[in-house]
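Bear in mind that the values here come from a model prediction, so they are computed numbers and not experimental data. Values below: all heavy atoms of this structure, side chains included; hydrogens, waters and symmetry mates excluded.
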Amino acid sequence: MALRKVRKVIHYPRRILWAFVAEGIETRKMVQTFAKQGKGWLLMTETADKPTEEELRQAVEQLKDIPRFLPFLVFIIVPVPGMTQGYVLLAITLEKYLGKKVSLLPTHIRNVFKKEEKQVSPD
């Protein structure tokens with residue numbers, strides 16, 4: 001039981017790294033989608049590579065993640081021990097307490113911690 005919890009804690013940095021990679025990929029796709037849309041507006045013509053409504057919706061959702069990601073990134077870069085862990089703990093606590101009213105963590109990083117909650121079952 002304790003060994004399983006230790007293994008989960010050990011895997012957090014790897015999962016958070018992959019969450020950063022996923023956020024980077026989604027941000028790149030967002031920029032490409034908005035660039036396609038802007039190209040069509042600037043040329044004022046219908047282009048064959050115009051983004052779909054679903055692509056635009058995903059790009060807008062990723063755009064909403066950027067303000068959540070920037071403070072998290074700053075806390076990781078700041079070389080104060082415990083700052084990142086404190087920020088994550090505060091963000092998770094506020095999100096649990098206030099529900100969907102407040103969202104402080106980027107989507108993929110929030111999902112890392114929500115997966116852990118779902119896996120932990122009451123014994």
Review point. Can you name the residues that form a side chain to side chain contact (heavy atoms under 4.5 Å, CB included) with Leu70, not counting sequence neighbours?
Key: Ile66
Review point. Do any N or O atoms from the side chain of Glu95 and from the backbone of Leu104 form a donor-acceptor pair under 3.5 angstrom?
Key: yes
Review point. Quick one: does Leu105's side chain get under 4.5 Å of Tyr87's, heavy atoms only?
Key: yes
Check your understanding: Looking at CD of Glu26 and CG of Leu63, how far apart are the two atoms once the value is rounded to the nearest 0.5 Å?
Key -> 12.5 Å
Point to revise | Modelled atom types, side-chain donor and acceptor of Thr33 and Gln58, under 3.5 Å | key: no
Review point. For Arg57, which residues count as a salt bridge (charged side-chain N to carboxylate O under 4.0 Å, His left out) partner, sequence neighbours excluded?
Key: Glu54
Check your understanding: Thr107: what forms a side chain to side chain contact (heavy atoms under 4.5 Å, CB included) with it, not counting sequence neighbours?
Key -> Glu23, Asp65, Arg68, Arg110, Asn111
Revision key, fill the gap. Sorted by chain and number, sequence neighbours left out, salt bridge (charged side-chain N to carboxylate O under 4.0 Å, His left out) with Lys29 holds for none
Practice item. Report whether Leu90 and Leu98 are members of the same hydrophobic cluster (ILVMFWY, side-chain heavy atoms less than 4.5 Å apart, transitive linking). Key: yes
Exercise for review: For Val60, enumerate each residue passing the side chain to side chain contact (heavy atoms under 4.5 Å, CB included) test, keeping only those at least two apart in sequence or located in another chain.
Suggested key: Phe34, Lys64
Review point. Got a second to check how far Gln32's CD is from Glu55's CD, nearest 0.5 Å?
Key: 10.0 Å
Review point. By salt bridge (charged side-chain N to carboxylate O under 4.0 Å, His left out), which residues pair with Glu53, not counting sequence neighbours?
Key: none
Review point. Hey, are the side chains of Glu61 and Met30 touching, using non-hydrogen atoms and a 4.5 Å cut-off?
Key: no
Review point. For Phe20, what residues pass the ring-ring contact (aromatic ring centres under 6.0 Å, His included) criterion, not counting sequence neighbours?
Key: Phe69, Phe72
